[in-house]
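Just below is one structure, and these are the notes that go with it.
In this chain, residues are counted from 1 in sequence order.
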Amino acid sequence: MRIDISWIRGSNALTLLRNRLCTRLVDHPQKLTRSSCAVFLPICHRKGSLSLLYTRRTDTLNSHTGQVSFPGGRCDEGETVRETSVREMEEEIGVQPHSVWGCLSRPIVSLKLENVYGCVGYLGHFEDNNFTLSDVEVSHIFTIPLEDLVNSRSEKVYDNQTTMRQRRVISQRIASNDLPGEKNRQDVLSALDKINRYKMPVFPTPLEQDPEIWGLTAVFTDRFLREAFRKDGYKKHDFTVT
């Protein structure tokens, strides 16, 4: 069933979206260490549509080669989530946000067992930004309208990982937002022992040569959409295979 967010096309859509998100986003003022990472989820206007901006990583990087991602990277010692994400975005695409709205409430645990935080903000109109892409890190950038993202999520099924390290990662990803904490994590670990597969969200990209949006970038996209459009019927992705 298609989710109707036609209000996002209105003249006051930016204000409505920010008001919605600011009741759901949080601040992470604590100083982080280099064991943490942060990404910036850049909202912008492009061709009249509120959109999310993504980067395509170059084919010469040592990790995540050629993948679609949000600007971001490892925290410098003592940085906050906001400081890291804004710095990384400026290094990668040469712009700073017009405004920073806040952070998604919980970090996502990467396959390296690192906490990755997501910061959300507004870049203004795409055409008004003087983007300067890092030759080393970024092949190109593109945007996807929020209205398209809301209605394009699909999923892929993966074999369940059986090592303790991988099980811990998956348990963090599928733990309920409503029942945080160690007890819930242990319940999830017990549940993982009983399943053989799990599902991850996937989003298409507008250019044929670009890979689909998957992994942490897809999970961040899905979490952002849930916070923004839960009132319109966007549901949390279910990681378990039925």
Determine the minimum heavy-atom distance between [X] and [Y], stating which atoms define it.
X      : Y      : result
Trp101 : Cys22  : O-SG, 4.1 Å
Thr143 : Pro206 : O-CG, 4.1 Å
Val39  : Val116 : CG1-CG1, 4.2 Å
His28  : Thr80  : O-CB, 4.0 Å
Ile93  : Pro71  : CD1-CG, 4.2 Å
Met1   : Asn151 : O-OD1, 4.4 Å

Judged by atom type as modelled, is there a donor-acceptor pair below 3.5 Å linking the side chain of [X] to the main-chain atoms of [Y]?
X      : Y      : value
Asn129 : Phe131 : no
Arg20  : Ala228 : yes
Thr205 : Pro211 : yes
Gln96  : Glu90  : no

Say you draw a straight line from [atom1] of [X] to [atom2] of [Y]; how long is it, rounded to the nearest 0.5 Å?
X      : Y      : atom1 : atom2 : result
Ser139 : Asp210 : OG    : CG    : 7.5 Å
Tyr117 : Ile108 : OH    : CD1   : 12.0 Å
Arg87  : Glu79  : CZ    : CD    : 4.0 Å
Glu83  : Cys75  : CD    : SG    : 9.5 Å
Ile5   : Tyr234 : CD1   : OH    : 10.5 Å
Ser105 : Asp27  : OG    : CG    : 13.0 Å

Fill in: Phe40 and Val81: CA distance, side-chain angles, deciding distance, side chain to side chain contact (heavy atoms under 4.5 Å, CB included) verdict
CA-CA 9 Å; Phe40 198 95; Val81 172; over 6 Å; no

Fill in: Flag if over 12 foreign heavy atoms under 6.0 Å of CG, Asp135
no

Discussion item. With a sphere of 6.0 Å drawn around CH2 of Trp214, does it hold more than 12 non-hydrogen atoms of other residues, nucleotides or ligands?
Written reply: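 Result for CH2/Trp214: open.
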
Heavy-atom side-chain contact between [X] and [Y] under 4.5 Å:
X      : Y      : result
Lys47  : Glu127 : yes
Ser36  : Pro107 : no
Val150 : Asp232 : no
Glu77  : Arg34  : yes
His98  : His125 : no
Ile43  : Leu123 : no
Val202 : Glu155 : no
Val136 : Thr60  : no

Worksheet entry | Leu52 and Phe70: CA distance, side-chain angles, deciding distance, side chain to side chain contact (heavy atoms under 4.5 Å, CB included) verdict | CA-CA 9 Å; Leu52 273 180; Phe70 289 116; 4.2 Å; yes

Worksheet item: Stepwise, does the side chain to side chain contact (heavy atoms under 4.5 Å, CB included) test hold for Ser99 with Arg18?
Response: CA-CA 10 Å; Ser99 56; Arg18 178 169 185 168; 3.7 Å; yes

Find out if a path of hydrophobic residues (ILVMFWY) with successive side-chain heavy-atom gaps under 4.5 Å connects [X] to [Y].
X      : Y      : value
Leu50  : Phe126 : no
Phe142 : Val138 : no
Phe224 : Met200 : yes
Ile141 : Ile144 : no
Leu216 : Val68  : yes

Discussion item. Looking only at the side chains, is there a donor atom on one of Tyr54 and Thr221 sitting less than 3.5 Å from an acceptor on the other?
Written reply: yes

Item to complete: Return yes if a side-chain donor-acceptor contact under 3.5 Å exists between Ser51 and Ser49, otherwise no.
Response: no

Worksheet entry | Sole candidate of Glu114, Glu91, Glu88 that passes salt bridge (Lys or Arg N to Asp or Glu O under 4.0 Å) when paired with Arg74 |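 The residue from Glu114, Glu91, Glu88 that satisfies salt bridge (Lys or Arg N to Asp or Glu O under 4.0 Å) with Arg74 turns out to be Glu114.
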
Practice prompt. Please step through side chain to side chain contact (heavy atoms under 4.5 Å, CB included) for the pair Thr55 and Glu137, ending with a clear verdict.
Written response: CA-CA 9 Å; Thr55 69; Glu137 295 186 74; over 6 Å; no

Worksheet item: Among His237, Arg153, Lys235, which residue meets the side-chain hydrogen bond (donor to acceptor under 3.5 Å, both in side chains) test with Asp222?
Response: Arg153

